[in-house]
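Report on the structure given below.
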Amino acid sequence: MAATRGRGRRWVAGAAAAAIGCATLVTLPEPALAAPVAAPISRIQAEGTYLVDDHGRKVLLHGVNNVDKEAPYVEPGDGFTVTDEDAARLAGHGFNTVRLGVSFDGLMPTRGVIDTAYLDRIATTVDTLAARGIYTLLDNHQDGLSKIWGGNGFPEWSLRSRPGALEPNPGFPLYYLMPSMNRGWDEVWDNSNGVLDYLGQALAALAAKMNGRTGVLGIELMNEPWPGSPFLTCFPNGCPRFDAKYQAALQKLTDAVRARNADIPVFWEPNVTWNETMPSNLGKNPPITSNDIVFAPHDYCIPSQLAIYLGLPEQLRGLCPVQQDKTWGNIDSFTRRTGIPTLITEFGDGDATVLRNTLVRADERFIGWQYWHYASGFDPGGSKPDPFLGDIGRDLVRTYPRATAGTPGRLIFDPANGDFAYRYTPRALSVPTEIYVSDLHYPNGYEIRVEGGTVTSTPGARVVTVVGNASSAVTVYINRPGSKGATVPN
């Protein structure tokens with residue numbers, strides 16, 4: 001789970017607990033080359049374990065979160081919500097997706113009544129990002145269920161549970177242990193008061209507004225859902241009984257969305273005990289049968305965050321590879337069981353080593369990601385200071401294949417020296433493979449070498465295009481002039 005995050009127009013790094021994770025705010029530097037307004041982008045859908053565009057290319061997504069948690073929500077120019085200037089900056093650095101927070105509380109502030117002005121603001125932001133070639137994932141975001149407990153997400157009218165007069169509220173993240181909040185989550189999963197029905201109506205209205213907008217990556221049904229009263233049953237090996245109930249709720253919401261927008265991909269998160277390495281049982285019983293479902297887990301390192309935010313011993317960070325290997329092993333198991341794609345919709349850490357653990361594991365599996373968090377670098381008073389020129393930035397801004405005309409193979413990128421190597425099996429399509437070349441890693445330009453294919457872009461292009469020979473694998477090498485470059489093992 002991400003940290004004390006994005007309260008209104010400020011991002012605050014706060015305390016973490018064993019059940020919760022934290023992240024670091026990032027504001028990106030100006031790209032070396034400004035991003036032009038992009039050509040219309042194609043729709044993305046799920047195909048097997050990949051996301052594919054309308055041309056049949058396997059798409060890899062690199063992006064950021066932009067989640068405003070306080071009303072009036074998503075107001076470009078407020079100094080938090082992404083603007084066209086932000087979209088140009090992000091696209092110039094090669095990012096092609098933003099996870100934009102939306103709120104049930106904002107969609108339906110009054111029982112049964114949709115705020116159409118909010119939908120208009122969301123649509124405007126989606127269109128602004130799409131004009132720069134950036135896909136938007138609409139994230140139905142909650143933390144702490146509702147303002148009733150000092151959190152955000154569910155409108156107060158949708159829940160009956162309230163804290164007791166003498167019930168202490170320890171705040172984020174420990175308020176998830178409050179009996180009253182757990183009763184509130186039970187209301188959600190039991191559909192008490194029709195709360196899931198109303199949420200389905202709100203998300204359906206959002207989906208309907210997105211009809212015809214190819215820049216919409218999909219709708220994520222709920223951020224970091226808490227199991228409620230059964231939460232202890234999730235430890236130590238996951239909670240199949242709760243996950244079956246949770247999956248029924250996800251399917252109910254998916255059906256509501258698809259009734260208004262039949263083609264939109266829908267993203268399912270595991271329950272949030274996933275962040276403590278508990279496996280997800282989604283898709284076990286019953287299997288996932290709806291089309292265009294995407295798995296949306298997070299990857300945080302709790303031991304590192306306990307060291308960073310609570311001042312616990314630095315040695316705890318040494319446990320991160322163990323925890324992250326467990327998390328990625330759970331992803332592998334889920335992929336084998338369900339055969340659907342994965343997108344890491346949150347990750348990040350002030351410890352650059354932890355962040356690299358995520359990026360390397362994602363590259364190994366050709367899985368995309370959205371970093372937590374980005375707030376607008378531009379406000380009505382001018383451009384904000386730009387603190388992001390260090391190791392984290394050089395890790396996130398990467399050379400990578402954003403669209404592959406074929407089947408992805410081995411992918412390697414070394415942010416220390418810019419060495420990139422990528423092997424794929426080509427497929428005869430009407431469009432080429434596209435590789436974004438980082439604007440941060442090649443101060444004197446780059447060299448490119450291709451085996452089994454031909455470069456069709458102009459020398460020095462920020463996006464390299466490659467056409468493969470039909471009968472052999474294609475391997476692309478990009479590196480600084482004079483570098484030996486990376487190698488791709490057979």
Side-chain angles (χ1 to χ4, degrees), residues 1-5 7 14-21 69-71 103-112 139-203 220-236 238-253 256 268-276 278 280-282 298:
M1 197 180 282
T4 303
R5 309 169 298 180
R7 304 293 183 186
I20 307 296
K69 300 182 181 180
E70 292 185 2
S103 174
F104 182 17
D105 187 33
L107 291 170
M108 191 180 280
T110 302
R111 186 187 304 269
D139 157 40
N140 174 35
H141 205 90
Q142 74 77 37
D143 295 291
L145 189 57
S146 173
K147 291 179 182 178
I148 296 166
W149 293 273
N152 60 88
F154 283 74
E156 294 181 52
W157 58 258
S158 68
L159 300 165
R160 293 177 180 168
S161 180
R162 296 293 187 273
L166 301 178
E167 184 180 13
N169 186 331
F172 179 90
L174 295 178
Y175 54 18
Y176 279 99
L177 304 181
M178 294 175 63
S180 60
M181 185 187 289
N182 279 291
R183 289 194 297 271
W185 278 109
D186 293 345
E187 290 182 53
V188 173
W189 308 129
D190 291 339
N191 196 24
S192 302
N193 325 311
V195 59
L196 280 178
D197 296 327
Y198 284 115
L199 176 58
Q201 291 175 26
L203 295 179
E220 189 168 350
L221 297 178
M222 194 180 302
N223 176 70
E224 295 182 341
W226 180 250
S229 297
F231 75 90
L232 286 175
T233 68
C234 297
F235 299 90
C239 38
R241 185 172 180 179
F242 169 75
D243 278 349
K245 188 173 188 177
Y246 172 46
Q247 182 170 333
L250 292 176
Q251 189 63 59
K252 180 182 183 68
L253 296 174
W268 290 11
E269 278 202 35
N271 82 68
V272 74
T273 64
W274 170 276
N275 287 348
E276 288 69 59
M278 301 306 107
S280 174
N281 292 278
L282 293 176
H298 298 169

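Keep in mind that the numbers below use all heavy atoms, side chains included, and drop hydrogens, waters and symmetry copies.
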With side chains defined as the heavy atoms from C-beta onward, is the minimum distance between R241 and P230 less than 4.5 Å? no

Could you walk me through whether L145 and V188 pass the side chain to side chain contact (heavy atoms under 4.5 Å, CB included) test, one step at a time? CA-CA 10 Å; L145 189 57; V188 173; 4.1 Å; yes

If you round to the nearest 0.5 Å, how far is CH2 of W274 from NE2 of H298? 11.0 Å

Quick one: does K69's side chain get under 4.5 Å of D143's, heavy atoms only? yes

Mind telling me whether Y246 and F242 have parallel, tilted or perpendicular rings, with 30° and 60° as the class edges? parallel

Shortest non-hydrogen contact from P163 toward M178: CB-CE, 4.3 Å

Test side chain to side chain contact (heavy atoms under 4.5 Å, CB included) applied to P179 - qualifying residues, sequence neighbours left out: E167, R183

For the residue pair G153 and S103, what are the closest heavy atoms and their distance? O-OG, 3.6 Å

Minimal non-hydrogen separation, S180 against S161, with atom names: O-OG, 2.6 Å

Output, in order, the C-alpha distance, side-chain angles, deciding distance and verdict of side chain to side chain donor-acceptor pair (under 3.5 Å) for T273 and N271. CA-CA 6 Å; T273 64; N271 82 68; 2.5 Å; yes

Taking side chain to side chain donor-acceptor pair (under 3.5 Å) as the criterion, tell me which of N152, N223, D105 meets it with H141. N223

Which label fits W226 and Y176: parallel for a plane angle under 30°, tilted from 30 to 60°, or perpendicular past 60°? tilted

N/O donor-acceptor pair under 3.5 Å between Q142 side chain and E224 backbone: yes

With sequence neighbours left out, write down each residue that passes side chain to side chain contact (heavy atoms under 4.5 Å, CB included) with S146, or none if nothing qualifies. I148, W149, F154, E156, L159

What's the separation between atom CH2 in W268 and atom CG in L221, rounded to the nearest 0.5 Å? 8.0 Å

Side-chain heavy atoms of F104 within contact of P155, under 4.5 Å: yes

Side chains of residues 193-201: which donor-acceptor partners sit under 3.5 Å, not counting sequence neighbours?
from : atom 1 : to   : atom 2 : distance (Å)
N193 : OD1    : R160 : NE     : 2.6
N193 : OD1    : R160 : NH1    : 3.2
N193 : OD1    : R160 : NH2    : 3.2
N193 : ND2    : E187 : OE1    : 2.7
D197 : OD1    : N191 : ND2    : 3.4
D197 : OD1    : K252 : NZ     : 2.9
D197 : OD2    : N191 : ND2    : 3.2

E269 side chain near L250 side chain, heavy-atom distance below 4.5 Å: no

